[in-house]
Amino acid sequence: DRLIEYIDDWNMIFEDSTRLSAYKQALEQGLSKERAAAMAKEASINFNRMGRGGPVINALWMFSNASIQGSVKMLRSLKNPKVLGAVVATVGSSVAAINTFNDNADPDWRDKVSRWDRLNGLPVVLPSTDGEFRYFTIPVSWGIKPIKVMADYAYDAVSGADFDATRMIEDTITAMAEAYNPTGGSDLVSALVPTILDVPVEIARNRSWSGNKIKPDYDPNAPEDIKYFSSLSETATGKGSIAVSEFLQDNLGASVSPADMKYAFDQYVGGAGR
C-alpha cells in the first residue's frame, strides 16, 4: 500500500508541476488568472471534458476518454515539424543505440524477444555467462509507438538484419491502432468489444491481450481439459487450475481447459484488481 501511495504521490507531483508551469507561463504572457487556470487544466488530460455520451462510452470502454484526449494532444503536438523532428530523432537514436547493444549481446535476440515487447517497448538484452537468454523492456509511450516500430525496421534494413516490408506495414498499422484507437485493441473485434467482455471474448478466440495463444489448438478434437501448455504446471495458479479442471471432469463430466481458467483468473485479479 505504501509503495502504491508513493508512486501515486510522484504522479501527482509531475501532473501538478506541469499544470503549475503552464499557469505561471500564461500569467507571464499577460493572461488573466481565470484564463491561465483554464489553460493549465488543459495542459494535461482534463478528465472533466467529455461530450454528452462520454460517461456511457467511458463505462463501456475503460479509459476511452483519456485515450481520446491523449491521442488528440499528441497528434496536435506532432503537427509541429520541430516537435516531430525532435521526437523522431530521439526515438531513432534510442532504437539504434539499444539495438546495436542487443546485436553485440546476442545476434539472434530478435527471434527470442516476444513480438508484443518489440511493438510496445525497447527490449534490452542482458549479457549472459550461463547461456540463458534474459532481457527487460523499457515501455514506450503509446503515442510514439508507430514511430518506434518504423525506427526498428529502418535500423534492421540499414544494419543488414532480416527485413520484411509486409511485416513492417502490418506492425506499423497495429501500432497505430493500439496508439490512437480510443477503444483499445489491435483489430476490429477487440476494438468493438466493451472492456467488461474482453476476457470471455479473448478466451473464445484463444487469443490473449498480447496476441499469444492461451492454449494449444493443434488438435480441435482433443478434450478441453487436456488443452494447456506444459509450462502451466510450473506455477501455483497453474497447478490449481489443472486440479480444478480434473475435479470438474471426474465429478461433473465438465471438460474445461485449465489454461482458460488460469487466464481468466490472472486477468480478473491482476493489474488494478491485484
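Computed from a predicted structure; not experimentally measured.
- Within the model, atoms CD of Glu246 and CD1 of Ile226 stand 11.5 Å from one another, a figure rounded to the nearest 0.5 Å.
- Rounding to the nearest 0.5 Å places CG of Asn102 at 11.5 Å from NZ of Lys112.
- Atom CD1 of Ile147 sits about 11.0 Å away from atom OG1 of Thr172, to the nearest 0.5 Å.
- In the hydrophobic clustering of ILVMFWY residues, with side-chain heavy atoms under 4.5 Å counting as a link, Ile242 and Phe229 come out apart.
- Residue Lys239 places its NZ atom among 12 or fewer non-hydrogen atoms of other residues, nucleotides or ligands, all under 6.0 Å distant.
- Qualifying side-chain hydrogen bond (donor to acceptor under 3.5 Å, both in side chains) partners for Asp117, counting only residues two or more places apart in sequence or in other chains: Ser114, Tyr135.
- Both Ile169 and Leu119 are assigned to one and the same hydrophobic cluster, defined by single-linkage of ILVMFWY side chains at heavy-atom distances under 4.5 Å.
- Cluster annotation: Val256 and Val201 are assigned to distinct hydrophobic clusters (Ile/Leu/Val/Met/Phe/Trp/Tyr, side-chain heavy-atom contacts under 4.5 Å, transitive).
- At least one donor-acceptor pair closer than 3.5 Å links the side chain of Ser257 to the backbone N or O of Lys227.
- Heavy atoms only, all atoms of each residue included: Ala151 and Gly92 are closest at CB-CA, 4.2 Å.
- When all heavy atoms of Tyr218 and Pro216 are compared, the closest pair comes out as CE2-CB, 3.2 Å.
- Defined by atom type and a distance below 3.5 Å, a donor-acceptor pair is missing between the side-chain atoms of Asn206 and Lys215.
- Val88 is connected to Val95 through a chain of hydrophobic side-chain contacts under 4.5 Å among Ile, Leu, Val, Met, Phe, Trp and Tyr, so both are in one cluster.
- For the pair Asp225 (side chain) and Ser255 (backbone), a donor-acceptor distance under 3.5 Å is absent.
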- prompt: Please walk me through it: do Arg110 and Asp103 pass side chain to side chain contact (heavy atoms under 4.5 Å, CB included)?
  reply: CA-CA 9 Å; Arg110 293 171 182 80; Asp103 285 338; 2.9 Å; yes

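- In terms of the side-chain hydrogen bond (donor to acceptor under 3.5 Å, both in side chains) criterion, residue partners of Thr100 (sequence neighbours excluded) are, by chain and number, Tyr155.
- Val113 and Pro123 make their closest contact through CG1-CG, 3.7 Å (heavy atoms, listed as atom of the first residue, atom of the second, distance).
- Residues Ile203 and Ile214 are in side-chain contact: their nearest non-hydrogen atoms beyond the backbone lie under 4.5 Å apart.
- One finds the CE atom of Met150 at 13.0 Å from the NZ atom of Lys145 (value rounded to the nearest 0.5 Å).
- Judged purely by atom type and a 3.5 angstrom limit, Asn99 has no side-chain atom pairing as donor or acceptor with the backbone of Asp156.
- With respect to Phe133, the side chain to side chain contact (heavy atoms under 4.5 Å, CB included) criterion is satisfied by exactly one of Val125, Asp111, Leu126: Val125.
- Rounding to the nearest 0.5 angstrom, the gap separating the CD atom in Gln267 from the NZ atom in Lys262 is 9.0 Å.
- Side-chain atoms of Asn251 come within 3.5 Å of backbone atoms of Phe247 as a donor-acceptor pair (strictly under, hydrogens ignored).
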- Task: Please lay out, stage by stage, how Val140 and Val91 fare under the test side chain to side chain contact (heavy atoms under 4.5 Å, CB included).
- Result: CA-CA 9 Å; Val140 173; Val91 173; over 6 Å; no

Working for side chain to side chain contact (heavy atoms under 4.5 Å, CB included), residues Arg118 and Asp171 = CA-CA 10 Å; Arg118 287 208 74 188; Asp171 286 352; over 6 Å; no

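- The distance from atom OH of Tyr228 to atom OG of Ser245, rounded to the nearest 0.5 Å, is 8.0 Å.
- Cluster membership check: Met261 does not share its hydrophobic cluster with Val269, using side-chain heavy-atom separations under 4.5 Å among Ile, Leu, Val, Met, Phe, Trp and Tyr.
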